Undergrad: 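I'd like to ask you about the structure that follows.
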There are 2 protein chains.
Amino acid sequence: MVIADDQALGESEADSPRGGPAATRSEQAYTALKRRVLDNEFPVGSFFLEQELADLLEMSRTPIREALVRLANEGFVEIRPRHGMRVLPISAEDMREIYTILTALESEVAAEVAARGLSPEEIAALREAVDDMEAALVDDDRKAWAVADERFHRSLVSSSSNQRLRSVIQQFWEQAHRVRMLTLRLRPKPEQSTREHLDLVHAIEERDPAKAWKIHRTHRETAADMLAEILSSNGLTNL
Amino acid sequence: MVIADDQALGESEADSPRGGPAATRSEQAYTALKRRVLDNEFPVGSFFLEQELADLLEMSRTPIREALVRLANEGFVEIRPRHGMRVLPISAEDMREIYTILTALESEVAAEVAARGLSPEEIAALREAVDDMEAALVDDDRKAWAVADERFHRSLVSSSSNQRLRSVIQQFWEQAHRVRMLTLRLRPKPEQSTREHLDLVHAIEERDPAKAWKIHRTHRETAADMLAEILSSNGLTNL
DNA sequence: GTATGAATTAGCGTATGCGTAAAGAGGCTT
DNA sequence: AAGCCTCTTTACGCATACGCTAATTCATAC
């Protein structure tokens with residue numbers, strides 16, 4: 001688990017012309033490889049030797065190895081001694097596991113922020129995200145909807161005062177990201193889901209932790225069930 | 001987060017005379033350093049240079065670095081360039097964070113196993129642990145009680161079918177381990193706690209997920225509150 | 001064709017070397 | 001005493017070197 005809150009997912013690749021305070025090569029390798037994994041740029045299941053990755057990112061094997069150790073620890077890739085690294089395929093069962101954890105933890109966040117109350121800015125961020133989701137629904141733009149949905153959850157989670165909680169949730173969220181993107185166009189129009197988000201915002205505004213908790217839990221369970229259904233009915237056993 | 005289920009915490013140190021299939025030095029370093037951290041053998045707050053650790057474990061800096069990357073990722077230590085590694089002190093706030101996560105996740109496990117039911121062996125393992133806790137109570141042997149308590153939770157968690165869930169819980173459990181050990185003799189005799197464990201076993205046997213969930217959640221919240229009280233009333237702000 | 005063993009290849013685990021730049025020491029100025 | 005420049009030290013980040021051994025290829029036998 002990573003405790004430090006990681007940066008956004010944007011990547012500045014090799015050399016960052018004006019990109020902050022000179023990250024180390026290890027860090028670059030980690031960021032670059034992780035981005036490629038999340039963006040599904042590595043064919044799932046295929047292997048990449050350390051040297052290939054080193055050539056790809058134009059650095060030596062040492063920082064590559066450090067990045068791989070981290071990525072393997074976080075569950076994104078597997079390191080098989082003499083075969084290289086590969087992006088771990090995610091099964092329907094894996095998704096169920098991930099959603100179970102996210103459900104438990106995010107519901108906790110929902111209850112926490114409902115109990116404490118959010119600043120007007122935080123509430124506004126949530127509302128904006130919901131608005132964008134609704135707009136995307138009207139345009140039938142799945143990608144835009146997913147982006148807004150992600151923004152909503154990210155906003156919510158970032159409002160938690162529990163640093164470790166934020167970190168773990170982000171971690172699992174990222175693991176699910178690839179699959180969510182791949183199944184986006186297979187799911188029904190997420191109208192129900194958008195409404196649930198709005199309900200959650202209301203519960204938070206009403207400062208009703210139990211209600212917020214329940215709404216979010218139900219929301220998550222519904223999403224998990226739907227995803228399981230999509231995966232099985234499309235025979236997607238490994239992504 | 002580590003996905004692979006880690007071994008038990010026992011360590012075979014440097015060379016393992018008959019210790020399995022020849023672990024790599026990186027692995028040895030990771031295991032050895034982690035054990036020392038968990039057993040509180042590194043003075044919290046003090047720094048250790050990579051070379052010192054390399055000398056200590058009689059290997060080069062390379063495997064040490066890999067181990068440190070993992071440990072830092074898992075939140076046990078911090079790496080400060082030019083100052084070395086240090087065991088992260090844990091504050092009362094940190095413990096609250098950790099317990100919040102453990103509460104949410106372990107309650108999930110309790111509900112899961114109650115819903116599914118456990119094998120007679122699994123139930124027996126839980127009962128045995130509770131018996132040992134009761135015996136330790138009679139002997140007023142805090143250490144033995146803690147060991148049994150740990151066994152109980154470990155058994156429970158290992159009964160979950162959710163591999164990632166098992167892994168995250170173990171991770172946070174380990175983070176709390178040091179502090180729990182240090183505060184053992186400060187807490188009141190854990191009679192209440194032992195009874196709660198027994199109640200949980202009953203709820204599981206009755207296949208009542210909601211009850212199991214609630215019992216465990218309350219159990220955890222009580223424990224968290226008590227710990228917070230102990231830490232603050234003893235002025236233990238950083239362990 | 002399949003199976004078995006030897007020979008070869010090459011990927012990785014680890015050690016080591018090197019350049020950089022940060023931390024600290026010492027001395028100088030005010 | 002406080003600031004600040006210079007010099008020294010040295011820990012680390014990374015590249016590189018190397019040996020071990022798993023993986024693969026090939027030859028030979030069935």
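Worth saying up front: this structure is predicted, and the values here are computed from it rather than measured. Just so it is clear: chains get the letters A, B, ... in the order the sequence lines come, proteins before strands, and each one is counted from 1. These values consider heavy atoms only, across backbone and side chains, with no hydrogens, waters or symmetry-generated copies.
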Undergrad: Measure CE/B:Met85 against C1'/D:dC12 and give the value in whole Å, please.
TA: 15 Å

Undergrad: To the nearest Å, give me how far apart CG (B:Leu53) and P (D:dC12) are.
TA: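 After rounding, the reported distance stands at 9 Å.
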
Undergrad: B:Glu41: which residues meet the salt bridge (charged side-chain N to carboxylate O under 4.0 Å, His left out) condition with it, sequence neighbours left out?
TA: B:Arg35

Undergrad: In whole angstroms, how far is the P atom of C:dG11 from the CZ atom of A:Phe48?
TA: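 In whole Å, C:dG11 P lies 15 Å from A:Phe48 CZ.
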
Undergrad: Considering only D:dA15, D:dG13, C:dA15, which nucleotide approaches the side chain of B:Thr62 most closely?
TA: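 The listed nucleotide nearest to B:Thr62's side chain is C:dA15.
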
Undergrad: In whole Å, I'd like the distance from the CG atom of B:Asp55 to the P atom of C:dT14.
TA: 17 Å

Undergrad: Output all residues satisfying side chain to side chain donor-acceptor pair (under 3.5 Å) with A:Asp225, sequence neighbours left out; order by chain, then residue number.
TA: none

Undergrad: side-chain contact (heavy atoms from CB on, under 4.5 Å) with B:Ser161: which residues, sequence neighbours excluded?
TA: A:Arg96, B:Glu112, B:Arg116

Undergrad: Atom CZ of B:Arg65 to atom P of D:dG13: distance rounded to whole Å?
TA: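 Taking CZ of B:Arg65 and P of D:dG13, I get 4 Å after rounding.
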
Undergrad: Between C:dT14, C:dG11, D:dC12, which nucleotide has the shortest distance from any of its atoms to the side chain of B:Glu50?
TA: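 That would be D:dC12.
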
Undergrad: Across nucleotides 21-26 of chain D, 5' to 3', mark each nucleotide with B, S or - according to how protein heavy atoms within less than 4.0 Å reach it.
TA: BBS---

Undergrad: Can you name the side-chain contact (heavy atoms from CB on, under 4.5 Å) partners of A:Asn238, sequence neighbours left out?
TA: A:Pro89, A:Ser91

Undergrad: Would you indicate, yes or no, if C:dT14 has its OP1 or OP2 atom less than 4.0 angstrom from a side-chain nitrogen or oxygen of A:Arg61?
TA: no

Undergrad: Would you call A:Arg178 and A:Asp39 a salt bridge, taking side-chain N to carboxylate O under 4.0 Å as the test?
TA: no

Undergrad: Suppose we screen for side-chain contact (heavy atoms from CB on, under 4.5 Å). Which residues come up paired with B:Ala29, at least two apart in sequence or across chains?
TA: B:Leu57, B:Met59, B:Ile64, B:Ala67

Undergrad: If only side-chain N and O atoms of A:Ser26 are considered, is one of them under 4.0 Å from the OP1 or OP2 phosphate oxygen of D:dG13?
TA: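 For D:dG13, OP1/OP2 do not have a side-chain N/O of A:Ser26 under 4.0 Å.
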
Undergrad: In whole angstrom, what separates A:Glu27's CD from D:dC12's C1'?
TA: 15 Å

Undergrad: Reading DNA chain C from 5' onward, which residue's closest nucleotide shows up sooner: A:Gly84 or B:Pro63?
TA: A:Gly84

Undergrad: Roughly, in whole Å, what's the span from CZ in A:Phe47 to C1' in C:dG11?
TA: 14 Å

Undergrad: Parallel, tilted or perpendicular: which describes the rings of B:His83 and B:Phe47, with under 30° parallel and over 60° perpendicular?
TA: tilted

Undergrad: Would you kindly give the CG-to-C1' distance between B:Leu49 and D:dG13, to the nearest whole Å?
TA: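 Interatomic distance, CG of B:Leu49 to C1' of D:dG13: 15 Å.
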
